[in-house]
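One structure below.
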2 protein chains.
Amino acid sequence: MPHHLIRKLEHFTRLSAADKTALQEIATRVQDFDADADIIREGDRPEHVHLVLEGWACRYKQLEDGRRQIISFFMPGDLCDTHVFVLRAMDHSIGTLTPVRLAGIPRERLLDLTARHPRITQALWWETLVTVAVQREWVVNLGQRSALERLAHLFCELFVRLRTVGLVEGDSCPLPLTQTELADATGMTTVHVNRTLQELRSAGLIILKGKRLTIPDLAALQAVALFNPNYLHLEHDGAHFDAND
Amino acid sequence: MPHHLIRKLEHFTRLSAADKTALQEIATRVQDFDADADIIREGDRPEHVHLVLEGWACRYKQLEDGRRQIISFFMPGDLCDTHVFVLRAMDHSIGTLTPVRLAGIPRERLLDLTARHPRITQALWWETLVTVAVQREWVVNLGQRSALERLAHLFCELFVRLRTVGLVEGDSCPLPLTQTELADATGMTTVHVNRTLQELRSAGLIILKGKRLTIPDLAALQAVALFNPNYLHLEHDGAHFDAND
DNA sequence: CGCCGTATTGACTGTAGTCAAGTGAGGTGG
DNA sequence: CCACCTCACTTGACTACAGTCAATACGGCG
């Protein structure tokens, strides 16, 4: 069932049939959440690693005075915190944006999986490091880019990430976010998000309607956003890690 | 020699004498760098993990048009990219801010160390996860905090981190950064950094002079910054990982 | 049809950026 | 030892990007 994860990991390494079977089997303890529900709250000590099977979620942090920052987005195929067990308590929360179906993977299960499947271990490492690289890019995005560039960059990133899990159709992809959520992710106000979206639309760079994003000319949007996809580390050259069966 | 690292790791777990000796011995291949030199450049494929022994460095990313964002600071005791080996090429650069003394730890050396010393493995995991947590907090800082809060927050973080490696004396610590560097880290202009520093000074929250930062009332500065140190995960409760010798 | 959350618009404010001109302090060389 | 040079810091006047407040429009769903 976790085909999105498998599809993503195959961008890094070729998995054997046995690897894939093993990955299929981790999707136990499936749970469903409504939209706008917390999966994990700041202060919790999570019991297992979560894998998003369907829907979108986000990592976020709320300041005492109510300001909220979305720190990252989770989409199908994404893992939440492969290694949290080391830390005592969550320093942020994870909440859903749409209805979400999750698999909860117990710690031992994951350890067992990686012990038996070295290529999966490598691939999960890659997954983790890319997540961190995305986090760094968000710092650049918030620190240096203008509102227009910022939204454009976010759209490029989400589009490319969705493509790696097979959720892009032609030049369009799902984008189930409200303008408020875009604002919380980009450090802008909803009003300014709204106006900036209009600017992107009238420049013909995006079509955004009915929770669906269309990018008629990805290269053009990338140019506006100063988007360089290398931080997503998608060049499939893990030949030296390939399965030989 | 890498006493700062040892001191830091002991905030998470109690290390045995053997653990400490092993850590002492990884500081081979010592290299010295001038200030404002690149240690690793975007696109490089680094050969070893770097440990900062003395001086300050930073992770940064430069956009095509020249804008630069400092993504994180490295101070004595910090490790650069414990697990880069999985990825093909660096997606950012690491450069010095002051003269820096580094130890280069070959991959095998690190694997060997962790294989023999499970507590060190745990402690390095903690180190890695805290680094990522810091990265997330920077997203919150850039996305939600005002200029004043942002600088105040950065100072709180640097102060607390320096304290964990023993570099705080009383209520003051080294701060070898120019206003330009502060600007690149906080996504502000140098002019605005300058004015905001004056505001912090005249509020009596900081004394900043001669590359030295004094914080007369840390609680007050924390309140202004909305700084909550929990993301640094310093509560020493790793008793269950304690060495028994 | 009517309700509620989301999106849109306008007018105004304010924080932060820009440009450009000084001032100051530390280091070097004559 | 001092002049000078450079880099960092400081200041002022002006601009502009983004935030605030508040009213209104839209759209999907019961």
- Message: Given C:dA7, D:dC21, C:dA16, identify the nucleotide with an atom nearest to the side chain of B:Ala147.
- Response: C:dA16
- Message: Using a heavy-atom cut-off of 4.0 Å across all strands, would you classify A:Gly210 as base, sugar-phosphate, or nothing?
- Response: nothing
- Query: CG of A:Leu151 versus P of D:dC17: gap in Å, rounded?
  - Reply: 16 Å
- Among C:dG17, C:dT6, C:dA11, which nucleotide sits nearest the side chain of A:Arg195? C:dA11
- Message: In this structure, how many angstroms lie between the P atom of D:dT10 and the CE atom of B:Met188, rounded?
- Response: 13 Å
- For A:Ser146, answer base if it contacts any base atom (sugar-phosphate contacts may also be present), sugar-phosphate if it contacts only those atoms, and nothing otherwise; contact means non-hydrogen atoms under 4.0 Å. sugar-phosphate
- Please give, in whole Å, the distance from C:dT6 C1' to A:Leu182 CG? 12 Å
- The side chain of A:Asn194 lies closest to which of these nucleotides: D:dA18, C:dT9, C:dG17? C:dT9
- Task: Using atom CG of A:Leu148 as one end and atom C1' of D:dC17 as the other, report the distance to the nearest whole Å.
- Result: 12 Å
- Task: Report the C-alpha distance between A:Ser172 and A:Arg212 in whole Å, list the side-chain angles of each, state the deciding distance to 0.1 Å, and finish with yes or no for side-chain hydrogen bond (donor to acceptor under 3.5 Å, both in side chains).
- Result: CA-CA 7 Å; A:Ser172 82; A:Arg212 211 161 170 86; 3.1 Å; yes
- Query: Which nucleotide sits closest to the side chain of A:Val191: D:dC21, D:dC9, D:dG12?
  - Reply: D:dC21
- Return the value, rounded to whole Å, for the distance between atom CG of A:Leu175 and atom P of C:dT6. 15 Å
- Query: Quick one: A:Arg67 CZ to D:dG19 C1', roughly how many Å, whole number?
  - Reply: 13 Å
- Query: Between D:dT20, C:dT8, C:dG17, which nucleotide has the shortest distance from any of its atoms to the side chain of A:Arg201?
  - Reply: C:dT8
- Backbone of B:Ala57 reached by a side-chain donor or acceptor of B:Thr96 within 3.5 Å: no
- May I ask you to say what B:Lys211 touches in the nucleic acid, namely base, sugar-phosphate or nothing, with a heavy-atom cut-off under 4.0 Å? sugar-phosphate
- Just how far, in rounded Å, is P of D:dT20 from CG of A:Asp65? 11 Å
- Could you tell me whether B:Arg41 and B:Asp38 make a salt bridge, using a distance below 4.0 angstrom between a side-chain N and a carboxylate O? yes
- For the ring pair A:Trp138 and A:Tyr231, is the centre-to-centre distance below 6.0 Å? no
- Query: OP1, OP2 of C:dA7 versus side-chain N and O of A:Gln198: anything below 4.0 Å?
  - Reply: no
- Query: Out of C:dT8, D:dA8, D:dT20, which has the shortest distance to the side chain of B:Thr178?
  - Reply: D:dA8
- Item | Length of the CD-C1' vector between B:Glu149 and C:dA16, whole Å | 14 Å
- Query: Going by heavy atoms in the side chains, are A:Tyr60 and A:Gln62 under 4.5 Å from each other?
  - Reply: yes
